[in-house]
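First up is the structure itself, then whatever we jot down about it.
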Amino acid sequence: MTEPSSLPVLLEAVLNVGSDLELRTTLQHIVKSATGLCSARYGALGVVDPERKRLTGLFTAGLTEAERAAIPHLPDGRSGLLGALITDPRPLVLEDLSQDPRRAGFPPGHPPMRSFLGVPIRVHTEVFGNLYLTEKRGGGPFTDEDLALLRVLAAQAGIAIGNARLYETARRRERWIEGAAAVTTTLLAGRPAADALMCVAERARLLADAAAGVVLQPTPAGGMEIVAASTQGDPGDLVGTAIEPGSPVLEQLLGGEPVFIEDSATDPRMTTHVRERFGPSMMLPLQSGGQLIGTLALPRPHGGPPYDAVDRLLASQFASQAALALVLADAQHDREQLAVYEDRDRIARDLHDLVVQRLFATEMMLESTKKRSAASAADATVGEELGRAVDELDSTIQEVRTAIFALQQPPTDAPTTFRGRVLRETGGAAVLLGFQPSVHFAGPVDALLPEPVAADLLAALRGALAAAHRRSEVTSIEVDVNADPDRVRLTVVDDGRTESGTRGTTLTWQSAL
């Protein structure tokens with residue numbers, strides 16, 4: 001039975017442990033209140049990892065700065081009395097722990113302790129951690145009253161910890177949701193593919209408090225390669241690092257399963273040369289609609305805290321959302337490209353159906369007028385002018401047809417037709433020349449030219465364009481490709497000044513078909 005004089009102290013301790021919603025602050029309040037409630041010199045609260053059966057955090061009270069500095073590392077609960085309470089979570093009272101066979105597990109430099117009191121803290125039915133008190137003030141052992149008080153405090157601490165965990169989980173979930181929304185907004189803003197992957201890697205690294213955020217994508221050989229990496233400093237040789245086909249990790253990822261690793265440096269499933277730099281890690285498949293488009297990896301520093309169940313759940317949800325955003329961004333890019341192609345096709349059709357037909361009709365009218373003028377023996381200069389007008393219209397028609405063909409080519413694809421290859425050569429030369437060479441085609445060049453002849457003609461064209469670039473004062477170049485069933489002829493004319501000082505140079509190349 002608790003003495004009435006202890007009730008005010010107990011009530012004050014209970015009020016203290018529930019005064020804050022921050023989990024770390026709450027845990028520190030609990031251990032401090034416990035030491036005051038039971039008149040203990042030292043107190044500790046160990047947070048238990050239920051999967052690994054060890055302590056993932058230890059909050060202490062009563063240690064001086066000198067005593068804390070003398071301890072190289074705090075106990076991890078893998079053995080000794082701390083481990084005993086983890087494997088058997090029941091209250092434990094000892095008069096002299098130094099005589100107990102389970103006293104192992106204390107690190108060197110730990111202050112000497114005799115009396116011991118420990119009780120588990122449960123959140124609902126789950127053991128969250130344990131409260132440890134040592135060195136009862138006055139030199140005696142802990143009493144049954146101390147045990148009763150500490151059990152009441154532990155029960156109230158469980159409620160406070162549950163509330164703090166819910167609050168912390170809600171805040172973490174809110175940050176991850178905001179991060180996923182920001183990534184989606186950024187990706188749908190039309191960022192290039194490389195920037196989109198880096199955005200996913202960087203945002204995930206910050207949310208997970210990881211040492212690096214990397215995105216891997218499948219390789220043609222069946223492995224996976226890091227294509228984007230975000231770190232606090234220089235990512236070094238992370239980008240380009242590949243997981244070879246057949247790796248156990250890769251088989252899991254390709255099957256759509258996440259991979260959770262406790263220590264990258266020692267896990268036999270990790271085979272890359274960069275694994276030595278990292279400790280706990282998550283590798284999350286980026287998949288949407290059953291399609292694996294990549295993997296998001298979030299390694300923490302070597303020796304860093306492991307990821308808990310909430311981290312894994314929130315990161316997996318983020319990866320699913322990011323994968324969907326990547327797919328939507330890619331689809332949006334395809335729609336925009338399709339709109340461009342459709343617009344180019346429309347312009348090409350309009351040029352062909354309207355402009356070329358009108359020009360051709362005008363050419364026919366002028367040709368007819370020229371013939372009537374010649375038949376009536378009119379002024380010869382009129383006939384010559386009409387002839388030049390017909391030739392100019394014919395040249396214009398050829399130029400427009402070339403422009404139509406260029407519009408019908410996908411701008412990002414390598415040309416597969418001979419016309420497209422010629423236009424690519426002249427387009428590349430335009431960057432150096434500062435102007436676009438004029439190109440004319442006559443005859444079905446795509447249908448008539450075999451590949452060996454086409455390759456020779458393109459080589460001759462490149463040589464002619466290079467020679468024209470070396471000449472001074474070049475302001476125009478005309479390229480003419482004329483093909484009939486018997487032969488093909490390439491003519492390149494420029495107005496550059498030669499070494500002798502004359503202007504204008506013509507190159508003619510032809511081959512039999």
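No hydrogens, no waters, no symmetry mates; every other heavy atom, side chains included, goes into these values. Keep in mind it's a predicted model, so treat the numbers as computed, not measured.
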Say you draw a straight line from CG of Asp456 to CD of Glu451; how long is it, rounded to the nearest 0.5 Å? 9.5 Å
Taking Glu425 first and then Arg419, would you say they form a salt bridge - that is, a charged N and a carboxylate O separated by under 4.0 Å? no
Closest contact, heavy atoms only, Leu296 versus Ala201: CD1-CA, 4.4 Å
Side-chain donor-acceptor contact under 3.5 Å, Thr60 with Arg68: yes
Donor-acceptor pair, distance only, cut-off 3.5 Å: does the side chain of Ser264 make one with the backbone of Gly279? yes
Please examine the side chains of Leu507 and Thr491, heavy atoms only from C-beta on, and report whether any two atoms are closer than 4.5 Å. no
State whether the side chain of Ser247 and the backbone N or O of Glu244 hold a donor-acceptor pair below 3.5 Å, judged by distance alone. no
With Gln510, which residues qualify under side-chain hydrogen bond (donor to acceptor under 3.5 Å, both in side chains), at least two apart? Arg487
Measuring only between side-chain heavy atoms, which start at C-beta, is Glu478 closer than 4.5 Å to Pro437? no
What are the two closest non-hydrogen atoms of Ala483 and Leu449, and how far apart are they? CB-CD1, 4.0 Å
Taking C-beta and beyond as the side chain, do Gln321 and Trp176 meet within less than 4.5 Å on heavy atoms? no
Hey, are the side chains of Leu197 and Gln217 touching, using non-hydrogen atoms and a 4.5 Å cut-off? yes
Ring of Phe260, cation from Arg312 - is the NZ or CZ under 6.0 Å from the centre and inside 45° of the axis? yes
Would you give the length of the straight line joining atom OG1 of Thr26 to atom CG of Asn163, rounded to the nearest 0.5 angstrom? 9.0 Å
Could you give me the CA-CA distance, side-chain angles and deciding distance for Val215 and Ile226, then say whether side chain to side chain contact (heavy atoms under 4.5 Å, CB included) is met? CA-CA 6 Å; Val215 175; Ile226 296 177; over 6 Å; no
Check this for me: Gln232, atom CD, are more than 12 non-hydrogen atoms of other residues, nucleotides or ligands nearer than 6.0 Å? no
Heavy-atom closest contact (Ala442 atom, Val445 atom, distance): O-CG1, 3.8 Å
Min side-chain heavy-atom separation Phe128-Val48 under 4.5 Å: no
Which atom pair, heavy atoms only, marks the closest approach of Pro285 to Pro258? CD-CA, 3.7 Å
So, Asp494 and Arg471, do they make that salt bridge, N to O below 4.0 Å? yes
To the nearest 0.5 Å, how far apart are CG in Leu458 and CZ in Arg424? 8.0 Å
Test Leu23 against Arg165 for side chain to side chain contact (heavy atoms under 4.5 Å, CB included), laying out the working first. CA-CA 6 Å; Leu23 182 58; Arg165 288 176 72 182; 4.0 Å; yes
Considering only NZ, NE, NH1 and NH2 on the basic side and carboxylate oxygens on the acidic side, decide whether Asp263 and Arg300 come within less than 4.0 Å. no
Hey, does the side chain of Asp495 reach the backbone of Thr475 with a donor-acceptor pair shorter than 3.5 angstrom? yes
Would you say NE2 of His273 has more than 12 non-hydrogen atoms from neighbouring residues, nucleotides or ligands within 6.0 angstrom? yes
Name the one of Arg269, Met270, Glu257 that satisfies side chain to side chain contact (heavy atoms under 4.5 Å, CB included) with Met283? Met270
Under 3.5 Å, side chain of Thr185 to main-chain N/O of Ala181, donor-acceptor pair present? yes
Are Trp509 and Val492 packed together at the side-chain level, in the sense that at least one heavy-atom pair is separated by less than 4.5 angstrom? no
Does the pair Asp311/Arg172 count as a salt bridge with the N-to-O cut at 4.0 Å? yes
Arg462 atom CZ, neighbour heavy-atom count above 12 within 6.0 Å: yes
If I take atom CZ from residue Arg489 and atom OG from residue Ser511, how far apart are they, to the nearest 0.5 angstrom? 12.5 Å
Minimum-distance pair of heavy atoms, taken over all atoms of Val479 and Leu461: CG1-CD1, 3.9 Å
Between Tyr307 (side chain) and Leu298 (backbone), is there a donor-acceptor pair under 3.5 Å? yes
Trace of the side chain to side chain contact (heavy atoms under 4.5 Å, CB included) decision for Ile243 with Leu216: CA-CA 9 Å; Ile243 302 176; Leu216 301 92; 3.8 Å; yes
Check whether Asp446 reaches the backbone of Phe418 with its side chain - one donor and one acceptor, N or O, closer than 3.5 Å. yes
Are any of the side-chain heavy atoms of Ile477 and Val493 separated by less than 4.5 Å? no
Should His440 and Asn482 be marked as a side chain to side chain donor-acceptor pair (under 3.5 Å) after you check the CA-CA gap, both sets of side-chain angles, and the distance that decides it? CA-CA 8 Å; His440 303 272; Asn482 191 308; over 6 Å; no
Compare every heavy atom of Met198 with every heavy atom of Ser230, then report the nearest pair and how far apart it is. CB-SD, 4.0 Å
Under the side chain to side chain contact (heavy atoms under 4.5 Å, CB included) rule, what do Phe278 and Ile261 come out as? Steps first, then yes or no, please. CA-CA 10 Å; Phe278 303 114; Ile261 295 167; over 6 Å; no
To the closest 0.5 Å, what do you measure between OG1 (Thr295) and CG (Leu284)? 8.5 Å
Euclidean distance, Glu168 CD relative to Ile161 CD1, rounded to 0.5 Å: 11.5 Å
Should Leu292 and Leu286 count as side-chain neighbours, where that means a heavy-atom distance under 4.5 Å? no
